[in-house]
Structure formats: structure tokens, C-alpha cells
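Here's the structure we're looking at; comments come further down.
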There are 2 protein chains.
Amino acid sequence: MPASIEDVAKKANVSISTVSRVLNRRNIVNDKTRKRVEIAIRELNYRPNVFARGLMLQQSNILGLVLPDLHGEFYSEIIRGANNKAHDLGYQLMVSSVGGKNDGHSVLSAVSNHGLVDGIVVMVSEIDSKAKKTLAGVTTPFVVLDGQVDRVNHDSVVIDQRHGAEEMMKHLIEDRHAKNIVFVGGPKTNIDTIDRLAAYRETMRQSSLDVDSKDIYHLDFSYEKAFDLGIEKVKEWAESEAFIFAANDEMAAGIIDAAIEKNISVPEEIRVVGFDDTRIAIMTRPRLTTVHVPMSSMGAQAVELLCQRLKEPERPPVKITLHSNLVIRESCGTSRGASIY
Amino acid sequence: MPASIEDVAKKANVSISTVSRVLNRRNIVNDKTRKRVEIAIRELNYRPNVFARGLMLQQSNILGLVLPDLHGEFYSEIIRGANNKAHDLGYQLMVSSVGGKNDGHSVLSAVSNHGLVDGIVVMVSEIDSKAKKTLAGVTTPFVVLDGQVDRVNHDSVVIDQRHGAEEMMKHLIEDRHAKNIVFVGGPKTNIDTIDRLAAYRETMRQSSLDVDSKDIYHLDFSYEKAFDLGIEKVKEWAESEAFIFAANDEMAAGIIDAAIEKNISVPEEIRVVGFDDTRIAIMTRPRLTTVHVPMSSMGAQAVELLCQRLKEPERPPVKITLHSNLVIRESCGTSRGASIY
DNA sequence: AGATTGATTGAAAGCGCTGTCAATTACGAT
DNA sequence: ATCGTAATTGACAGCGCTTTCAATCAATCT
């Protein structure tokens, strides 16, 4: 139904080769003929068929983005960043989620081996050996986002969570004189949780503070679970003058709300901090002291890196590190340089 | 580089036709040959080339999702719903945003005329004549999501915002005895704003309440702008015993926080309600009375409708209406059947 | 004028796959 | 054995595009 290159050629009274040339390397065709062809193209509303083109060129100008999940602002910001950058660079983005009902590996291989996408940005939140093996089998160029794929010699963009987390811990300990810090993390196997917890332990050790394993909780990053935990523990925490370091803003919000529910005031009686610096952080009262993670940049940088790789397949792998940093608001005591939003 | 159908044929000692047959209609080929071919396929790790296939079949199994924006939970939930459904039905999803730097029309036409996607879900938040014209030029099957594309005879899924909004207004007026309701909407041309405002006006009229045009504000759906407005107006609103009907939860949250900032208590001094029932609604204190909009269903249903259309191109257009409904929490007075989350 | 060059164009060979149609084979019936 | 029929397979023509490679033509040079 749609016009083909042949239709254009007939209409413009040239061969399809010529049409193809004005499409791809317009400069090498005579001005007059080019004009004729261009008019024909416009009149027929002609668009090259992606498949035919892809078949010849073996490329689609489509990039894949594979995420562990699509839930929450974290991922949606990554998508946004990736999508904008992709468009800027002339690519389309295909988003897939590995979580939920979809079997992760099947999705990944669908996106990749398909041969459809020119490259993939993969975000793996839980690196197990299976995931590594899957990754190893992927023939399409890809970059790893925020996954510590150890020893895998690949392009990657990671956030230096350690830095932000340590900054936060130091703030709690040095500026706020915290003695007792409770860590509320996501699942044990989750990469971000592992990193943030490592920073927690390390800083505690450096400051000669004991870490009681009872002070470490593994939830699922959700407001609800954190709220429930808060309801149960918040009194106890208040008595022990605890600081709560939640591994994301949502859980921090849940704990704050639990405190309010239990008539425990924040930051006077307990202090709560978050991670990610999502919009939630400015919507809680008090606003969250948290660690800013450049979410949309992550997506954008990963796409950019991927495109560079596509241009220079032989280039040695690059690792881009994005920095996270402390943002002080009010959920952890009188602010020093607090930002309103 | 990757194995082609010919490689498989050679390896299995059959013709490419036979390989193609085992790929597509396995039953019509002899068991023994089929086994041979299957082994060859596995050994070569063969995957049919999407482009070649697409070229023949003129279909890609890719669906496009075009959104006005990618910002915020509303869209991310739609993506999630659409993505899951698409996968369930054997499709891949390609997401595009029309907002931001991307010129909307170019994106739309890129996604559509490209011929890449088999169908599109388009969400248009601001229907102007230009948008309509663009839509009219799209040859790929598409369904319109949440856009009142008047008189355009198309598959569409819309939310019955009117219903939810009216329910809300009635709740305010009848149960809460509101006399003075302020409407805080998004941009004037935004479809959702238009609908919600219409319901507002209509209910006010029915209840013989005056609507002062000074009580209608058009912001941009953001927390920040609403917060600023709140800071300015909240005292005044408290004095006039106003109810604030915000057109989304984010703005409602902004206003509540402004009230807190100004030491005005919610819901005692002013009452604020939202729209959408995003996660924000349970994170504010007090929690938001709001209108629940089935966001992820919207995405899912739109995709499902689109796939049906692809199967039956000649079927008369279908319009699916999703219902929105009032969710009573605490931001508007003592709750009657309030839910905790 | 005849030859050489460069600019411009067209013809045709695929890219990897599907589907049509004809050819081959197997097998039971005559 | 011979035939008819059904089951199975292969040859080949495209799908719409890019890209050599050769052909054409005008312009320049000897």
C-alpha cells in the first residue's frame, strides 16, 4: 500500500538507484534530478521501508533498554533520559522489563538475538551467575547500566553509590553525632542494596561504631513494607535515639509516616534519611535528607556510550562513573544548607 | 555473521523451503526431516532475521506507544501496563515521548510511517487541529488513549473522568458541605484539565453554587507551582473555608505542604483533594482524598484493543471507557470508609 | 576532430526470508 | 506391474532497498 522506491522512481522518471542516492547521499546527484526526485517523494509521501533497509544495512536504528522493572520514579527517569538521548542521536528506544511475569532471560534474548536492535542498554539489579551467562551469550553490542558486572570487560555506566552513601554516613556520624544507625535496605541480593550496605558497614567500622545485625533490615523498597516496619519499631528507635538510613526515598517516606502515625516526631525523636533523591524526597514532611542519584543522566549516558560503541566497535571498553551526592534537607535535624525543593 | 536460513538448510541437508516450513508450520514436514532441521537450528544458534521476515510479512510484532511526556508516575504506569500486555500478546513495545525537545509531529510520523511498528497507541494530551491532522495522516493502525478525539471514528480507550470528578464534587458538596471550591488545574488546553473542570462547573451549577473565575487556576501539574500558589493563597483559603480540588495528586501535595508551611492545618482549616490516586496520595499527611484512575489498565487495554484491531482490520471502531472513582482518605475531613493505603 | 576525463545515471545482483507451484516420493489400490 | 493419490520436498520469484559496475554524456584537452 505505501509507496515504494520504485513508485518514486517511475514518478520522477529516474531509476531506483537514483532515488536511493538522493535518499542517502544527496550530494552526488545532479541538482535538477534531485529536485525532481524530492518532489516525487513528497507527493507520494514516500518513506523508505525499514525492513528492506534493515535487511541491506543490517541495522535498524533501534536501541533496546532492558530494565529489571518499570515501577517507580527511578526507572521512569532512566527511561526518560535514555529516550531523549536516543532521539537526539537519531535512534528509537525499545523498552523491556525483565521483572514481573516476564522471564528475564527470554526477554533479554528476545530483544537481543532477534537482531532487531542495534544495541542494548541492560540494567541488571541482581547479578547472579545465570544473568552473567545470559549476558555472555548476547551478540548484540550492549552496555551495562548500574550493574557491577565484575570482570566482565564491557562498556558500563555505574553510579558511585559508595561515595554518596559514605558521605551520608559521615554526615550522620560527624555532623549529627549519630551513634546508632539502622539500615533499611532492599532485597539482600539487590546490587544497590549491597553497595549501600557495604558503605554503611565500612563507615561504621571506620568510626568504631558497632553494627548490630538486628539493625539491618531487608525489605523490598516499598513504602508499605517500610511503613509496617516503622509502626513496629519506631518507638524502640526513638528510645535508642536511632538514625534510620533507608536505601531509597520511598521506604524513608514510609518510616516517617509510621512515625507520625505513632506520634513520634521527625527529626526530633527519630531521624530518617533516604536515597535516590526522587520527588518523594521533597514531598515528605520533613523533607528528606537523601543522596542524589542522577537517574535520567544514567539513561542518557548509557545510550550515549552505546552509540559511541556502535560507531567504533573496536574501541576498548569504557566505564563511566556517575557521582551521587548528599542532599541535606530536614529529615535528619536542623539543616545546614538545606534546599527548599 | 549470524547463521542464515541457508546455513541451516545446508547443515540439515534440506532446502531452505523446508527450514522455513519447520519454522512456521512445523506440522507439515516429515518428522525425521524436522528433527534434523531442528538440530541444525540449535547447533547454529540460528534466529530468523527480523528484517527479512518483516520484509516478506510486512509486520514486525512491534507496537509503538507515543506519550505526551515521560515525566511522573502517571505515564510510567501506563508504560508498565502497556508493556506487560504487549509482552503477553507476543509484541515488543517501543516508547516515544512527544514532549520535551522532540517535535511531536515528527516523532509521531517517525514511529508510524516508518512502517516499523504494526500499530500505535497514541496518547494526546492536547488536541488541537494540528494534532488531528497529524493523526489523520497516519496510515498505521492506531488507538487513541485518553484523548477526546471528537468525531474521529477510531478505536479508543478513555477514562470517564467526568464521572470520578463529579463523584468527588458531590462528595465535597453533599458530604462535606462545601460551599467554596477552588479548582487548581493543569494547562488550559490540556484535555484532562478540560474534562475535570467541566465536571467542576457542571456540579457547581447543579448545586446552585457560584463559580468565581478567580477560583480557577491553571498551573502545570507540578508540585512546585502548586506549592508556590499555596504559599500565596492558603491563608485566604482558610479564611473562606475553602475546599481545594487539584487536578492531580502532585499539585494537591504541593498545596498541602504549603499549608503546613504556613501553619494552616489540613483538613481542619483547608481541605485539599487530588486526582489520579498515584502513590503520592498515600504519602502525604493527611493522605489524599482523590479520584482513582486506573493508569496501568489504560495502557494494557489500549494495547489489547490495538492487537484486536490488528487481527480484525475491518471491525468497526470500539471505544472502551474506563471508570474513575472516588477514594476517600483524610485530606478532606474525617473519613468515611477511608483506606489506609 | 579525436581522445580523455569526470560527472551522472541505470542495470542488476543480492540481503534473508516466505510462499507458490511443480517435482518427487511413498504407498495402497487396481 | 501400473496407476492414482497424498505426502513431502525443492526451485524460484519476489518483498524494497543499497551498492557495485558499467554505460552514457558532456566537457576538457591534445
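The sequence lines fix the lettering, A, B, ..., with proteins before strands; numbering per chain opens at 1.
- Judged by distance alone, the side chains of S97(A) and D69(A) never bring a donor and an acceptor atom under 3.5 Å apart.
- Mapping T18(B) and M56(B) onto DNA chain D by nearest heavy atom places T18(B) at the nucleotide closer to the 5' end.
- Put simply, the side chain of S76(B) does not reach to within 4.5 Å of the side chain of Y75(A), judged on heavy atoms.
- Residue T33(A) places its side chain closer to dT8(C) than to any other of dT18(C), dT18(D), dT8(C).
- Listed pair S17(A) / dA11(C) fails the phosphate criterion, with no side-chain N or O lying under 4.0 Å from OP1 or OP2.
- OP1 and OP2 of dT19(D) both lie 4.0 Å or more from every side-chain N or O belonging to S20(A).
- Residue R53(B) has a polar side-chain atom (N or O) positioned under 4.0 Å from OP1 or OP2 of dT18(C).
- The side chain of N30(B) lies closest to dT9(D), out of dT8(C), dT9(D), dC12(D).
- Of the side-chain N and O atoms in N49(B), none sit less than 4.0 angstrom from OP1 or OP2 of dC15(C).
- Nearer to the 5' terminus of DNA chain D, by closest-nucleotide assignment, is the contact made by I28(B) (compared with the other of I28(B) and Q58(B)).
- Note on L57(A): only backbone sugar-phosphate atoms sit closer than 4.0 angstrom, heavy atoms only; bases stay farther off.
- Closest to the side chain of A52(A), from the set dG16(D), dG16(C), dC12(D), is dG16(D).
- Phosphate proximity of dG10(C) to S15(A): present, with a side-chain N or O under 4.0 Å from OP1 or OP2.
- Among the atoms of the strands shown, only primed sugar atoms or phosphate atoms (P, OP1, OP2) are found under 4.0 Å from some heavy atom of V14(A).
- For R21(B) against dG19(C), no side-chain N or O and base N or O form a donor-acceptor pair under 3.5 Å.
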